[in-house]
Structures are given as C-alpha cells and as structure tokens.
Amino acid sequence: MALPSVEERKNGECQDNDGANSETEVTNPDSAKTSPDGEKNESPSEPAKTKSPSEPAKSPSEPAKSSLDKELEALLSSCTDPPPDVLMIQSEHAGMVDIVKVEQNTDDPAMTDKKAPPPPLRPPTTWTSANIREFKHRMASEKHGMLTVRRGEVMTVRVPTHPEGKRLCWEFATDDYDIGFGIYFDWTPVTSTAVTIQVSDSSDDEEEEETESPWHSREGDVERGSVYRLRSRYGEIMQVFRRDSHREVQAGSHDYPGEGVYLLKLDNSYSLLRNKALFFHVYYSS
C-alpha cells in the first residue's frame, strides 16, 4: 500500500480540526464559572416571569410612571373645581419630592374688595340752629359733650345702629373757628352698641388702619369738599366739607339703611395752628 504524501496528511489534519470545531458547543461564560480550586460553579437559572392577564401591556416606547407622577395625577383628577396651585418640594439630603396642595385664601382683603359694591345710601336731612350759646351751655354740662380736635387731626366717631332705633341724629358746634364734617356708613354686623372715637394725625394716616379706615386715598380738600375712594363695604352719606359750626349749630338726621356702623368724621387736618373746641351730641331716635 502506498503511503500518503506530506501534503495529503496536512489536508487530512485540517479537515479533522474543522470537524471538531463544528461540534464544539458555545456556552455562556456567565452560566458556568471556574473557581480557583478548579471546580465549576453553575448559577441557578431564573424562572420565567409570567404576565398577569389583568396587567395592561406597556408600550416599549412609553416610560414607566414614577410614584410622584401617579400622585400628581390623582390630585388633579380629584378636583371638581379648577385645579389648585401645586407646590413641589425636594429635600436637599434625601432627594425625596413632596407634593403640597396650596389652598386659596378667600379672606384676603384684596379679594374681598372685588365683591359687588353696597347699595347707594339716601342723603341725610340737615338743618342749622341759631341757639348756639344755649347748645354749648347744655353740652358743657354733659359728661362727653365737649371734645377737643387738635390741629392737624381727624376725629372719627363710630356709632353703631341700635336695635331700638330707626334713625341717627347729631348736633355739633365749635368755638371761634369752623371744622370739616362728613358721614359714612360701614355695612358690617354690629356686635356692640358702644360709641367709640378714633383720632389720627391726618386723613392719609388712616389708610394704615385697615380695620378702622374705610378710605383708600383722599382727593381734594376740606374747603372744596374731600372725595374719598372707599372700600367696597363702605358708603358715603355726606361728603366732608368745612361747616360754619362756630356761627350756628349744625344738626341733621339719617334713617337707618340697615345694620351697620355710622362713621362721623370731624376733620381739622387743614389747620396747622389752631385746636378746635367741639360741642357734640349724637343719639338715635325711634
């Protein structure tokens, strides 16, 4: 028998190697790891996850919603009114994000001023009396019949409506010089029938006292009549004018428009030098 040549033997070895390579199994390098001792460690295969039939299928392009997004959606969907303001706060240390619902404050004065204005008030009935000396003598004997309005001051007498009364009446006079006088009405529930007095340095200073002052700002002067921009719950009965109360007794009355508080303004803000001695009488009539 003829022996194969060198080239034939080389070709035969190449064919044997190719066959061995084709029969070699490709294994996952992570499935079996060799320990330093030479032993093979096989990792247990994970069980296949079964999908619940009730769970909706997620689109591969749609990202999973976080718990923060779900909480925000639940908050907005529960609102029947327009959605409230939502404040998101993130902690600097833990990185947690909280959702805070911001409620609207309906007691804000700025929102309260947007309400409908009160109904117009009827003008008062006014008259004068020449018996000024007799009136001053009678008021001087009363406990609170005589007051002093200092220079540059504005005095506001607050008179609540009385359950047994139907109208407000007033009388006043001054010594030697005139004084400004006007009346306004506060549509507010009456909790006390006590008469109170507020004194301020000027009409402009009263803007700072929101609980007491009905005026936003003042236009004009007492000589030609002061015009005030009133807050929504206040109404003007008689504009502030300088009255000749040093010559005649200034008197008047006004029928109750409803429950509330009368504001009688005695204005001496235009006087820089003189205090005014005031004889004043206010009462209700049935």
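Because the structure is a prediction, the values reported are computed rather than measured.
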Is there a path of hydrophobic side-chain contacts, each under 4.5 Å between heavy atoms of I/L/V/M/F/W/Y residues, joining [Y] to [X]?
X: I197; Y: L266; result: yes
X: I179; Y: V199; result: yes
X: V249; Y: F241; result: no

Check ion pair K166-D255 (N to O, under 4.0 angstrom): no

Test item: [X] side-chain N/O and [Y] main-chain N/O as donor-acceptor pair under 3.5 Å:
X: H254; Y: R122; result: yes
X: E153; Y: R150; result: yes
X: Y256; Y: H162; result: yes

Closest non-hydrogen atom pair between L278 and V149, with its separation: CD2-CG2, 4.2 Å

Greater than 12 external heavy atoms within 6.0 Å of E134's CD: no

Enclosure of R151 CZ (heavy-atom neighbours >12, cutoff 6.0 Å): no

cation_pi(R274, Y177) dist<6.0 Å, angle<=45: yes

Mutual orientation of the aromatic rings belonging to F185 and Y262 [parallel < 30°, tilted 30-60°, perpendicular > 60°]: perpendicular

